[in-house]
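Data first, discussion second: the structure below is written as structure tokens.
Numbering of ligands and ligand atoms starts at 1, following listing order. Here, residue 1 is the first one in the sequence, and each next residue gets the next number.
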Amino acid sequence: MASSFPSTSELVADARRLYGQVFGEEAPLTAVCAPGRVNLIGEHTDYNQGLVLPMALPLLTVVVGHETSGQDVTVVTATKDADEPWRVDFSLASDESLCPGLPSWANYVKGVIQHYRAPPVPGFRAVIASSVPLGGGLSSSASLEVAFYTFLQQLKPDDGDKVSKAIACQQAEHTHAGVPCGIMDQFVSVLGREGHALLIDCRSLEATPIPLADPSLIILITNSNVRHSLTGSEYPMRRRQCEEAACILGKASLRDATMKDLEEARNRLDDITYRRARHVIEEIERTYQGTEALKRGAYKEFGKLMVESHNSLRDLYEVSCSELDELVSAAMDVEGVFGSRMTGGGFGGCTVTLMKAHAIDRAILHIKTRYSGTPTFFVTTPSAGARTLSLP
Ligand code: GLA
């Protein structure tokens, strides 16, 4: 059986309950949410100005809260997997209070305040609740950043520009979490659309919604429930290798390079740099092809590209791990499965599988039997981006 996850209203109810416990009688006035994401294809292409095709998830982060008259901030998280303490208090009067530190979950909040586009923000009290698994590669951090930014917009509106909002949240991740991520996660958390995946051109920052609401289809997320500590150092290293490759090829980014360019420059690149660049150039092309296939309802073709993407991430980009490889190969055994691949940064986290709806029970059973670890399953649908919620 796939795991059930709390609905938006259940999360809001949890957050409100905690708000009442922490702050006494006072009821929160504002409630907002922002989703996590799963990337269907286009991995490690965003910071190369390439194409990505993620969708927003029904797994999301909720923030409820209340403006206060002074400059004091109190934020409490209901997320039990977050590092303790689950409550932070600081004053906006001091710049130092926005410096990154511990607990690490609060850094996303501080980063978003720091990069908020209509400073200064007033004091507030807020509670966070989330159904996005922490560290599962489904962008729990981007959903927290974007939810928090959306919360601040209710207290003190900015100009409402959505792309700039995504960029501000990405900056929060860079400065306060120390992860030099691309724009994909924050972008789709802001701009996701129900019933659609989003083709994002990370060079022009244009997004095209791609319909994905065929009832005969299921998008299954399988959490490997492992996270190797490599992510922290390997991600920035991949980014540097790509920049180096683009530089040797004389291009502003790998988006501008073709396989012909790469082959011609092969003797000027070491083997690792060549393989990293090859993954990116081919993955951008696969994302383009995959989007066209999806538009035509050619799911088999899309599935084949998903597997090619996975194999390239495993062999050329070297960001997969044995657990993700096992999950993909188990999913591909099942009749009715079109394709499967690791999703997100890699080194653990989740796979995404596209399949015929009727194959779901068999697929889950088979993957469970074959996987050496303990997987968790989410059957998901493309969902809306960040929004305000009404409080009853
Ligand atoms: C992480 C980053 C994204 C993207 C993916 C890999 O999720 O946050 O910007 O680079 O890895 O596609």
(message) Among Ile360, Leu220, Thr353, which residue satisfies the side chain to side chain contact (heavy atoms under 4.5 Å, CB included) criterion with Phe377?
(response) Leu220
(message) Whether the Ser309 and Glu43 side chains hold a donor-acceptor pair (N or O, under 3.5 Å, no angle test) is what I'd like checked.
(response) no
(message) Using the ring centroid of each side chain, check whether His115 and Tyr149 are separated by less than 6.0 Å.
(response) no
(message) Salt bridge check, Asp158 against Arg117: does any charged N sit closer than 4.0 Å to a carboxylate O?
(response) yes
(message) As an exercise, identify every atom of ligand 1 less than 4.0 angstrom from a heavy atom of Met184.
(response) 4 (C), 5 (C), 12 (O)
(request) Identify, by atom number and element, the atoms of ligand 1 in contact range of Gly182, meaning under 4.0 Å from any of its heavy atoms. (result) 9 (O)
(message) I'd like to check whether His44 has a polar contact with ligand 1, where a contact means an N/O of the residue lying under 3.5 Å from an N/O of the ligand.
(response) yes
(request) Compute the minimum heavy-atom distance from Met342 to ligand 1 and say whether it is under 4.0 Å. (result) no
(request) May I ask you to list the atoms of ligand 1 that are less than 4.0 angstrom from any heavy atom of Cys181? (result) 2 (C), 8 (O), 9 (O)
(message) Considering non-hydrogen atoms of the protein only, which is the closest contact for atom 10 (O) of ligand 1, and what is the distance?
(response) Tyr235 OH, 2.6 Å
(message) With a 6.0 Å cut-off on the ring centroids, do His279 and Tyr317 count as close?
(response) yes
(request) Look at Lys165 together with Asp161 and state whether they make a salt bridge at an N to O cut-off of under 4.0 Å. (result) no
(request) Between Leu138, Asp46, Ile41, Val179, flag the one that comes closest to atom 9 (O) of ligand 1 by a heavy atom. (result) Asp46
(message) Tell me the protein heavy atom at minimum distance from atom 8 (O) of ligand 1, and give that distance in Å.
(response) Asp185 OD2, 2.7 Å
(message) I'd like to know if Arg125 pairs up with Glu67 as an ion pair, taking the criterion as any Lys NZ or Arg NE/NH1/NH2 lying under 4.0 Å from an Asp or Glu carboxylate oxygen.
(response) no
(message) I'd like to check which ligand 1 atoms, numbered from 1 as shown, lie under 4.0 Å from a non-hydrogen atom of Tyr47.
(response) 10 (O)
(request) Check the side chains of Asp270 and Thr273 for a donor-acceptor pair under 3.5 angstrom, ignoring hydrogens and angles. (result) yes
(request) Would you kindly specify which portion of Arg37 sits under 4.0 Å from ligand 1, judged on non-hydrogen atoms: side chain, backbone, both or neither? (result) side chain
(request) Please say whether Glu43 places an N or O atom under 3.5 Å from an N or O atom belonging to ligand 1. (result) yes
